[in-house]
Amino acid sequence: LSLQEHGLNFQRLLDASAYKETFRQDMIRWGEEKRRADPGFFCRAAVEGAVHPVWVVSDTRRLSDVEWFQDVYGDVVQTVRVVATEETRKRRNWVFVTGVDDAESECGLDQGVAFDWVITNDGDELALGKQLETLLQSLHRSL
């Protein structure tokens, strides 16, 4: 279900609106079809034309995505998981949807990845800032 093929509003798909939820399962199904045909499809699209020494590839969803980056770029890959409690997520208007939130697209990295970094984002800006600063300092040292 690509934006071009179906005339979807990109900005509205980024928020937590009912608009996004209307198309969410179709987007997941479309993505699964693309991945079955070519597991590196979205990973290659993410890095196409990238020339910077550090890239932040956000929102990978599956073990195959992480494995693709590790296979292609090796030891320079740093994996970061951002976590928040279910209570925090609910305060941010998240509502669990069976068949969506328990699908691989949402929980495919809950097991099988030894993350280099785990950042907690439960609303404490000072704590979040300290964690991100530590991460950034580490990345700067490795350049």
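Because only heavy atoms are used, hydrogens play no part in the values below, and waters and symmetry mates are left out as well, while side chains stay in. Throughout, residue positions are numbered sequentially from 1 according to the sequence presented.
- The pair K90-E86 meets the salt-bridge criterion, with a side-chain N (NZ, NE, NH1 or NH2) lying under 4.0 Å from an Asp/Glu carboxylate O.
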**Study point:** Chi angles and distances behind the side-chain contact (heavy atoms from CB on, under 4.5 Å) call for N121, Q131
**Key:** CA-CA 9 Å; N121 183 12; Q131 294 172 85; over 6 Å; no
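- The distance from atom CG of L132 to atom CD of Q137, rounded to the nearest 0.5 Å, is 11.5 Å.
- The CD atom of Q70 sits 10.0 Å away from the CD atom of Q78 when rounded to the nearest 0.5 Å.
- Using a 4.5 Å cut-off between side-chain heavy atoms of Ile, Leu, Val, Met, Phe, Trp and Tyr, with links allowed through other members, Y73 and V66 fall into different hydrophobic clusters.
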Exercise for review: For side-chain contact (heavy atoms from CB on, under 4.5 Å), just list the numbers for R44 and V72, CA-CA rounded to whole Å, side-chain angles, deciding distance to a tenth of an Å, and then say yes or no.
Suggested key: CA-CA 10 Å; R44 279 192 308 283; V72 173; over 6 Å; no
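- Taking the side chain as every heavy atom from C-beta outward, F96 and D102 approach each other to under 4.5 Å.
- Taken together through direct or relayed side-chain contacts under 4.5 Å among Ile, Leu, Val, Met, Phe, Trp and Tyr, V80 and L109 form parts of separate hydrophobic clusters.
- Closest approach of V77 and D116 over heavy atoms only: O-OD2, 3.7 Å.
- Between the NE2 atom of H140 and the CG atom of L136 there is a distance of 5.5 Å, given to the nearest 0.5 Å.
- When all heavy atoms are compared, the tightest approach of R92 to A84 is NH1-CB, 3.8 Å.
- If you chain together hydrophobic residues whose side chains sit under 4.5 Å apart, V113 and V118 fall into the same group.
- What you find for L63 and G112 is that their closest heavy atoms are CD1-O, 3.6 Å.
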Check your understanding: Could you walk me through whether T60 and W68 pass the side-chain contact (heavy atoms from CB on, under 4.5 Å) check?
Key -> CA-CA 11 Å; T60 57; W68 186 89; over 6 Å; no
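- Residue R89 holds its CZ atom at 10.5 Å from CG of D122, rounded to the nearest 0.5 Å.
- Both L139 and L128 sit in one connected hydrophobic cluster of ILVMFWY residues. Membership requires side-chain heavy atoms under 4.5 Å apart, directly or through other members.
- One distance of note links CD of E104 with OG of S64; it measures 6.5 Å at 0.5 Å rounding.
- Legend: residues meeting side chain to side chain donor-acceptor pair (under 3.5 Å) with R81, ordered by chain and number and at least two apart, are D110.
- The aromatic ring centres of W55 and F69 sit 6.0 Å or more apart.
- Here the OG1-CG distance, from T79 to D65, works out to 13.0 Å after rounding to the nearest 0.5 Å.
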